[in-house]
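Input: a single structure, listed below in structure tokens.
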Amino acid sequence: MLEAVKMQEGVLDRLSDRRLLRPLAYVDGQWCAAASAVTSSVSDPATGATLGTVPDLDAAETGRAVAAAQRALTAWRALLPQERARILRAWHDGMLAAREDLALIMTLEQGKPYAEALGEIAYAASFIEWYAEEAKRLNGETIASHLPNRHMTARREPVGVVACVTPWNFPSAMITRKAAAALAAGCSVVVRPASETPFSALALAELADRAGLPAGVFNVVTGNARTIVGELTRNPAVRAISFTGSTEIGARLIAESAPTVKRLSMELGGHAPFILFPDGDLDDGVEAALAAKFQTSGQDCLAANRIYVHRDIYEPFLARYAARIDALCVGNGLDDGVEIGPLMHERAVDKCTAQVADALAKGARLLAGGEGHPAGPLFYRPTLIADMTPDMQIAREETFGPVAAVAPFDDEEQAVELANDTEYGLVAYLYTQDHGRICRMTDALDYGMVAVNCVKITGHPVPFGGVKQSGLGREGGAWGIDEFTELKYVCAAYRAG
Ligand code: NAP
């Protein structure tokens, strides 16, 4: 099958398992091209080289994937939970066994440093392992009856066919965090991955196939977003849409799903505040601000977009932060030691450029970077701007790039006010050693997640998600599977003996 399509030879040579790089959609257990033979090409953001092509399925072909998922549902949901768990577990094991190839595919199409890509594969697989276990614990409840001679139960049943629409910044984990929970609950799934990163999704399909997921239970459709996602939102057989991406597109999908009244899980944009008090070690604070801002080269919904530093340590913080930012290693994610890869597309570079220009025009100081990087047209120098004010674009909009913006604050009350002054509410970072302040501020911060004296907080057992315009619902942990189950109340009358 691979021979039938154009695929850059150099790429195939680097994989130990060439069949993981699939240039076809995966529907009903079959690899398929579009009937129109139209394809879209996928390129390496670090070099601009074309990696290969994937089919542009149309709405009817997407509808056929939904129909396949609908047909597969009955048998899949009827399996004993431990049988679903066994297949999910095999999928997880297959991912870990193939992690180096999967990470290579990810770095090639997404650009993130190879070490980060390896980390994402482990992270992505961990959701499958977790939900394989959760499948066995999908218990309901017995209700204490308020009527005589009745047995009342609340059962959890799979919601049905689930469509997963995912972004390019975490090409594997944003799929498994949704799909593993849905599959464990007994749902079938149609995934529409981001246009930039379909190969990571298709490699997951290849491994799902090898793990024994029955035909139609897990499908990956590629092609134009409006066409495919339009069909997924319109199609009444799709009972839930689980989306990760921007608030703008998420809001659109909510509206498009309204006529068919679907279950919605929305992991949307972030605009994280990072608040640093002067009561801790300054170097620790600098390292934390570095990690919080520059993870995933700044293309991360959890990236610290507004860094608030207490005025007492403001200038010393800026001096040390600028030095650390200047020292970050920028380059092709496949090269050793690279910490910051390319941005995903020209729009992202333009947004960084525009936000920096706007900030400087409104009085910010440029302390590092502030321009493109010689590594290539999609690279942007890690940048530090100081003296951010609320009227600047960067104080209001998610950057999604390696630009750190810092402002001073004077007291706890002001820090909370600045942090909450946004329509977003995904994550807030708080650095302080004062226990009372931690209690007060974790209460007051209007966010779905608060990281206190740490940056890395995500993982399979925790409820990931935001409030306000950062989303609806939670992914991960015992909560994540709730998004894909319906409660069925059964009231059974019996004759008194
Ligand atoms: P995006 O532009 O909203 O795209 C997300 C997905 O929606 C992609 O598959 C995209 O397809 C598709 N899409 C785009 N336009 C569409 C339309 N008109 N109708 C239907 N589908 C459409 O977001 P992104 O740029 O990929 O990702 C960055 C955003 O995701 C950021 O805002 C970030 O904060 C957010 N994010 C949130 C989380 C979280 O867990 N809360 C995690 C990661 C990222 P194409 O690829 O073809 O455009």
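Counting starts at 1 for both ligands and their atoms, in listed order. Model, not experiment: these values are computed from the prediction.
At a heavy-atom cutoff of 4.0 Å, ligand 1 is contacted by the side chain of Arg177 but not by its backbone. Within the 4.0 Å heavy-atom criterion, the part of Arg252 lying near ligand 1 is the side chain and not the backbone. Here Phe170 has no heavy atoms under 4.0 Å from ligand 1, in either its backbone or its side chain. Contacts between Asn169 and ligand 1, counted as non-hydrogen atom pairs separated by less than 4.0 Å, involve the side chain only.
Residue contacts with ligand 1 include Gly270, since one or more of its heavy atoms lies under 4.0 Å from the ligand. Using a non-hydrogen distance threshold of 4.0 Å, Gln299 does not register as a contact of ligand 1.
Looking at atom 38 (C) of ligand 1, its nearest protein heavy atom turns out to be Cys301 SG, 3.0 Å. Protein heavy atom at the shortest distance from atom 47 (O) of ligand 1 is Ser195 OG, 2.4 Å. Protein heavy atom closest to atom 23 (O) of ligand 1, with residue, atom name and distance, is Ser246 N, 3.4 Å. Considering only non-hydrogen protein atoms, atom 10 (C) of ligand 1 sits nearest to Arg192 NH1, 3.8 Å. What sits closest to atom 32 (O) of ligand 1 on the protein, heavy atoms only, is Glu398 OE1, 2.8 Å.
For the pair Arg22 and Phe199, the cation-pi criterion (under 6.0 Å, within 45° of the ring axis) is not fulfilled. For the pair Lys112 and Phe170, the cation-pi test (distance below 6.0 Å, angle within 45°) is passed.
Residue Phe464 has at least one heavy-atom neighbour below 4.0 Å for each of these atoms of ligand 1: 39 (C), 40 (O). The Leu253 neighbourhood of ligand 1 comprises atoms 20 (C), with distances under 4.0 Å to a heavy atom of that residue. Taking every heavy atom of Glu196 and a limit of under 4.0 angstrom, the matching atoms of ligand 1 come to 46 (O). Atoms of ligand 1 found under 4.0 Å from any heavy atom of Pro167 (numbered from 1 in listed order, with element): 26 (O), 27 (O).
Under a 4.0 Å N-O distance rule, the pair Arg71/Asp28 qualifies as a salt bridge. The pair Glu486-Arg263 counts as a salt bridge, with a side-chain nitrogen and a carboxylate oxygen less than 4.0 angstrom apart.
Side chains of Thr197 and Gln110: no donor on one and acceptor on the other come within 3.5 Å. Using modelled atom types, one finds no donor on one side chain facing an acceptor on the other under 3.5 Å when comparing Asn219 with Tyr26. Using a 3.5 Å distance cut-off with no hydrogens or angles, the side chains of Thr399 and Gln355 do pair a donor with an acceptor.
Ring geometry, His373 versus Phe379: the interplanar angle falls from 30° to 60°, so the pair is classed tilted.
On a distance-only criterion, Thr244 and ligand 1 share no N/O pair closer than 3.5 Å. In terms of N/O distances under 3.5 Å, ligand 1 is approached by Leu268.
Residue Gln30 places its CD atom among 12 or fewer non-hydrogen atoms of other residues, nucleotides or ligands, all under 6.0 Å distant. Environment of CD in Glu417: sparse, with no more than 12 heavy atoms of neighbouring residues, nucleotides or ligands closer than 6.0 Å.
Distance check for atom 26 (O) of ligand 1: a protein heavy atom is found below 4.0 Å.
For atom 14 (C) of ligand 1, the nearest non-hydrogen atom from the set Asp300, Thr166, Ile249 comes from Ile249.
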Practice task
Walk me through it: do Leu418 and Arg306 pass the test side chain to side chain contact (heavy atoms under 4.5 Å, CB included)?
Solution key: CA-CA 9 Å; Leu418 287 166; Arg306 297 167 293 146; 5.6 Å; no
